[in-house]
Peer 1: 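Here you go, one structure.
Not measured: the values here are computed from a predicted model.
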Amino acid sequence: MESVHAEPTLTLDEPELARLKARDPAAQARFFRQYRDRVEAICGRVLGGGRDAQEIAADVLGDFLFTYVDGVESPRAVTTYLKLMATRRSLRWVRAKDRSEEVDDEGPTVPIADASVAGDVDQGIWQKQMIPRLDGCLEHLTPKAREVLKLRFSTELTNECIGEIVGGSKQYIGRLIKESTEKLKSCLEASG
């Protein structure tokens, strides 16, 4: 009798792996759709779900598709690789967040008199102010819009390739990117 909590078995065969290595956009789209929910669930176990899990899952899948796929020898290794990378990146994110919160409590630990250090501190202060504002503004976008922006600005994919991965024509993806960036800009200006 099969357990209710059994994880779905995801399969990838040799020809499909070869298509991924050849950067076939249709194969990349199939792969992304097939593995996205599973990788996001792994990240969600560590992070408690939410947008952070979605973003880390998209990063893991994107890095696999555009960097690590070339080193994979066997299709069976893909699931293991994705589980391992999703867990590691999620744990790294948690540790980085914890360190960031510790630094926030302590304040700057370097003298501000040094101009180069002062520039770094100013940059850090600016980032601490902008990142929460940007996160808040991103919440107003649909998950698909956030995913499209992530793929567009973290990879060198064309709108057509992004459309094949997430679903949509290159014209639709172009409009979605334009509308989403305009919404983000307006939101950031309003919250500033």
Peer 1: Has the side chain of Lys144 got a donor or acceptor atom that lies under 3.5 Å from a matching backbone atom of Gly167?
Peer 2: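 Yes, because the side chain of Lys144 sits within donor-acceptor range (under 3.5 Å) of the backbone of Gly167.
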
Peer 1: How far does CZ of Arg88 sit from CE of Met85, to the nearest 0.5 angstrom?
Peer 2: 6.5 Å

Peer 1: What's the separation between atom CD in Gln54 and atom CG in Asp37, rounded to the nearest 0.5 Å?
Peer 2: 10.0 Å

Peer 1: How far apart are the closest heavy atoms of Glu164 and Ala26, and which atoms are they?
Peer 2: OE1-N, 3.5 Å

Peer 1: Starting at CG of Leu188, measure out to SG of Cys137 and round the result to the nearest 0.5 Å.
Peer 2: 4.0 Å

Peer 1: Taking atom CD as the centre, does Glu73 end up with more than 12 heavy-atom neighbours from other residues, nucleotides or ligands that are less than 6.0 angstrom away?
Peer 2: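 No.
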
Peer 1: Under a 4.5 Å cut-off applied to non-hydrogen side-chain atoms, are Pro143 and Arg146 in contact?
Peer 2: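 Counting from C-beta outward, Pro143 and Arg146 do come under 4.5 Å.
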
Peer 1: Just wondering, are more than 12 heavy atoms of other shown residues or ligands nearer than 6.0 Å to NZ in Lys21?
Peer 2: yes

Peer 1: Side-chain donor-acceptor contacts of residues 56-70 below 3.5 Å, not counting sequence neighbours, with atom names and distances?
Peer 2:
| residue | atom | partner | partner atom | Å |
| --- | --- | --- | --- | --- |
| Asp59 | OD1 | Lys150 | NZ | 3.0 |
| Asp59 | OD2 | Lys150 | NZ | 3.4 |
| Asp63 | OD2 | Arg89 | NH1 | 2.6 |
| Asp63 | OD2 | Arg89 | NH2 | 2.6 |
| Asp70 | OD1 | Arg23 | NH1 | 3.0 |
| Asp70 | OD2 | Arg23 | NH2 | 2.9 |

Peer 1: Show the nearest heavy-atom pair for residues Pro75 and Leu17, with the distance to one decimal.
Peer 2: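 In this case the closest contact between Pro75 and Leu17 is N-CD2, 3.9 Å.
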
Peer 1: Applying side-chain contact (heavy atoms from CB on, under 4.5 Å) to Gln28 and Arg19, what does each step give before you reach the verdict?
Peer 2: CA-CA 8 Å; Gln28 290 174 331; Arg19 286 189 281 277; over 6 Å; no

Peer 1: Using the rule that two of Ile, Leu, Val, Met, Phe, Trp, Tyr join whenever any of their side-chain heavy atoms come within less than 4.5 Å, decide whether Leu84 and Val94 are in one cluster.
Peer 2: no

Peer 1: So do the side chains of Ile165 and Phe31 get within less than 4.5 Å of each other, counting heavy atoms only?
Peer 2: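 The answer is no; the side chains never approach within 4.5 Å.
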
Peer 1: Kindly compute the distance separating CG (Asp52) from CH2 (Trp93), expressed to the nearest 0.5 Å.
Peer 2: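 These two atoms lie 3.5 Å from each other.
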
Peer 1: Can you name the closest pair of heavy atoms from Ala145 and Ser180 and give their distance?
Peer 2: CB-OG, 3.5 Å

Peer 1: Quick one: which residue pairs count as a ring pair (Phe, Tyr, Trp, His ring centres under 6.0 Å) with a foot in residues 162-181, not counting sequence neighbours?
Peer 2: none

Peer 1: State the CZ-SG distance between Arg152 and Cys161, to the nearest 0.5 angstrom.
Peer 2: 11.0 Å

Peer 1: Please report the shortest heavy-atom distance between Ile173 and Gly163, naming the atom on each side.
Peer 2: CG1-CA, 3.5 Å

Peer 1: Could you give the distance from CD (Glu179) to OG1 (Thr181), rounded to the nearest 0.5 Å?
Peer 2: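 Rounded to the nearest 0.5 Å, the CD-OG1 separation comes out at 9.0 Å.
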
Peer 1: Would you say the side chain of Glu160 lies within less than 4.5 Å of the side chain of Pro25, judging by non-hydrogen atoms?
Peer 2: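 The answer is no, as the side chains (C-beta and beyond) never meet within the 4.5 Å cut-off.
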
Peer 1: Using the rule that Ile, Leu, Val, Met, Phe, Trp and Tyr join whenever any side-chain heavy atoms are under 4.5 Å apart, tell me whether Val78 and Ile42 fall into a single cluster.
Peer 2: no

Peer 1: So do the side chains of Thr87 and Leu91 get within less than 4.5 Å of each other, counting heavy atoms only?
Peer 2: yes

Peer 1: Taking the side chain as every heavy atom from C-beta outward, state whether Tyr81 and Arg76 have any atom pair closer than 4.5 Å.
Peer 2: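 A side-chain contact is absent here, since even the closest heavy-atom pair is not under 4.5 Å.
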
Peer 1: Closest approach of Arg38 and Arg45, non-hydrogen atoms and distance?
Peer 2: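 Heavy atoms only, the tightest pair is NH1-NH2, 3.3 Å.
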
Peer 1: Of the non-hydrogen atoms in Asn159 and Gly174, which two are nearest, and what is the gap between them?
Peer 2: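 Between these two residues, the closest heavy atoms are ND2-CA, 3.5 Å.
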
Peer 1: Is it possible for you to say whether Tyr35 and Leu47 belong to one hydrophobic cluster, with membership spreading through side-chain heavy-atom contacts below 4.5 Å?
Peer 2: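 Yes.
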
Peer 1: Taking only Lys NZ, Arg NE, NH1 and NH2, and the carboxylate oxygens of Asp or Glu, determine whether Glu55 and Arg51 approach each other closer than 4.0 Å.
Peer 2: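 Salt bridge: yes.
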
Peer 1: Can you confirm whether Leu149 sits close enough to Leu176 that some side-chain heavy atom of one is under 4.5 Å from a side-chain heavy atom of the other?
Peer 2: no

Peer 1: Quick one: are Arg30 and Glu16 in side-chain contact, heavy atoms under 4.5 Å?
Peer 2: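 Side-chain contact under 4.5 Å: yes.
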
